[in-house]
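Chain letters run A, B, ... following the sequence lines, proteins first, then strands; residues in each count from 1.
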Protein chains: 2
Amino acid sequence: MLTISILVNHPAPSFVATENPVKDNNDMPGHLARRFQQIAVAVFLAEVGDAGFDLTPVQYAALATIKANPGLDQVTLAGLIAYDRTTITGVVDRLVQKGLAERRASSRDRRARELEITDEGRRTLRKITPAVESAQRVMLRGLSAKEGEELMRLLRKAIAAGNELSRAPLRDAQA
Amino acid sequence: MLTISILVNHPAPSFVATENPVKDNNDMPGHLARRFQQIAVAVFLAEVGDAGFDLTPVQYAALATIKANPGLDQVTLAGLIAYDRTTITGVVDRLVQKGLAERRASSRDRRARELEITDEGRRTLRKITPAVESAQRVMLRGLSAKEGEELMRLLRKAIAAGNELSRAPLRDAQA
DNA sequence: GGATATTGATCAGTATGCTGACTATCAGTA
DNA sequence: TACTGATAGTCAGCATACTGATCAATATCC
């Protein structure tokens, strides 16, 4: 009786399981990694967008790394931020297209391209920094300062141990 | 003198910055999130692939959730695992194409599709579970059991606080 | 009961990420 | 020096993710 009346008023949560036959998502580090990343990207884009800029987290990291290492080639850039080398092509394409970076043929190695930040890129980086830093705070807003530090420490440790497990491990600039 | 000889013997790390003008990547939770996610996906695919299956983390989570909630619609599925509703279309497409799930028109709401796992899907889930669990261990292999627990706790806490900040927040099955 | 708002699903377009292949070039060696 | 292997960059193809739009169907409100 009661059940029937509930079904009429709140049409059928009948498919909702009360128990999970598999481990709960919240106990799976892989799922938590995906969720946190998803939120981190959304927060970054929102903060940076609010500041009036159109730059993705990936493009930001690439641009900042080009600025810090003028003249580096694309493989080195990829290694410094752990991007796949096939991904970096498109990212640099877009930075160049936006006028934030330049891609020149290398004089030392005709296979390689030397990357350089433009004045416009430098200006953008400078003006965007507060939004980027704000984003980092927002994505940790549920944690105390101490917890945020601990989260970063554990992530760093797990990442270091797993560095070689992805196709695009972090690499030093120097071989 | 020493500097010069080093430069001669190890040709030109000239573009490598000694100091970073921006915050180091390793202090950016967004960067760490991306790296950890990258490793987590690679580990999942490797473990599951070694076990002889061709299923992505996303497809696995969707399939497990369909099994746990037979007959659910795509929006509910998306909410339960925090996927964007435009993403779920393609994911379900591939599960259906692989014969692991079925998509039927709903009788209660002609806009909606009811999702069901197939016997093949059930078999796959059962056989794949050890590899999935192994993957979760591997991606935390740099951490002690206690540290792994703490990492998950902090991720859960940060995610809960940021849930509404992404386009695809986690939702209960029941509105 | 009819206008209005909302919702489920899909689509086009863009941006990561990856696999695997390919070209051009470079480096080391027999 | 010719051969071999490695390397820098790119491409095609596939799978997430997202923005913003559209269509059909349902809910809601007056």
Side-chain angles (χ1 to χ4, degrees), chain A residues 10-11 30 33-35 37-46 49 54-62 72-79 81-95 97-98 103-115 165-169 171 175, chain B residues 11 33-35 37-46 49 54-62 72-79 81-95 97-98 103-115 165-169 171 175:
Chain A
H10 304 279
R34 186 188 151 282
R35 279 293 285 140
Q37 221 278 345
Q38 180 183 42
I39 291 167
V41 171
V43 167
F44 185 100
L45 291 176
D54 172 33
L55 212 64
T56 67
V58 160
Q59 288 164 17
Y60 169 79
L72 87 174
D73 64 289
Q74 292 186 187
V75 165
T76 304
L77 170 59
I81 47 187
Y83 291 7
D84 192 278
R85 73 187 193 287
T86 66
T87 303
I88 217 73
T89 298
V91 174
V92 172
D93 278 351
R94 285 177 281 278
L95 288 177
Q97 199 219 322
K98 289 177 182 177
R103 175 157 45 187
R104 297 188 311 259
S106 167
S107 50
R108 290 172 305 172
D109 185 339
R110 273 186 297 171
R111 292 170 303 180
R113 313 301 178 84
E114 284 175 0
L115 304 175
L165 300 179
S166 79
R167 167 160 146 164
R171 297 282 182 225
Chain B
R34 185 188 152 281
R35 280 291 286 139
Q37 221 283 8
Q38 180 183 41
I39 291 167
V41 171
V43 167
F44 185 101
L45 292 176
D54 172 35
L55 212 64
T56 67
V58 159
Q59 289 163 17
Y60 169 79
L72 86 176
D73 64 289
Q74 293 186 187
V75 165
T76 305
L77 170 60
I81 47 188
Y83 291 6
D84 193 278
R85 75 189 190 287
T86 66
T87 302
I88 217 72
T89 299
V91 173
V92 172
D93 277 352
R94 285 177 281 279
L95 288 178
Q97 200 220 322
K98 289 177 182 177
R103 176 159 41 188
R104 298 187 312 258
S106 167
S107 50
R108 290 172 305 171
D109 186 336
R110 274 185 296 171
R111 291 169 303 180
R113 312 302 177 86
E114 283 176 2
L115 304 175
L165 300 179
S166 79
R167 167 159 147 166
R171 297 280 181 227

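Minimum interatomic distance between B:Ile88 and B:Gln74 (heavy atoms only, all atoms of both residues): CG2-NE2, 3.7 Å.
At the heavy-atom level, A:Ala42 lies nowhere under 4.0 Å from the strands shown. Contact annotation for A:Thr56: backbone-only contact, meaning every heavy-atom pair under 4.0 Å involves sugar-phosphate atoms and none involves a base. Across all strands, A:Asp109 comes closer than 4.0 Å only to sugar-phosphate atoms, never to a base (heavy-atom distances). Contact annotation for B:Arg85: base contact, defined as any heavy-atom pair under 4.0 Å involving a base atom. No engagement by B:Val41 is indicated, since no non-hydrogen atom pair under 4.0 Å with the nucleic acid exists. Among the atoms of the strands shown, base atoms are found under 4.0 Å from some heavy atom of B:Thr86. Looking at heavy-atom distances under 4.0 Å, A:Thr89 makes contact with a base. Nucleic acid contact class of B:Arg110 (heavy atoms, under 4.0 Å, all strands): sugar-phosphate only.
Side chains of B:Val91 and B:Leu77 form no contact here, defined as non-hydrogen atoms less than 4.5 Å apart. With a 4.5 Å cut-off on side-chain heavy atoms, A:Val58 and A:Arg94 do not count as touching.
Atom pair B:Arg34:CZ and D:dA17:P shows a separation of 13 Å (rounding to whole Å applied).
At the phosphate of D:dC18, OP1 or OP2 sits under 4.0 Å from a side-chain N or O atom of A:Gln38. Residue A:Arg103 places none of its side-chain N or O atoms closer than 4.0 Å to OP1 or OP2 of D:dG9.
Bounding nucleotides for the chain A contact on DNA chain C, 5' to 3', at a heavy-atom distance below 4.0 Å, are C:dA15 to C:dC26.
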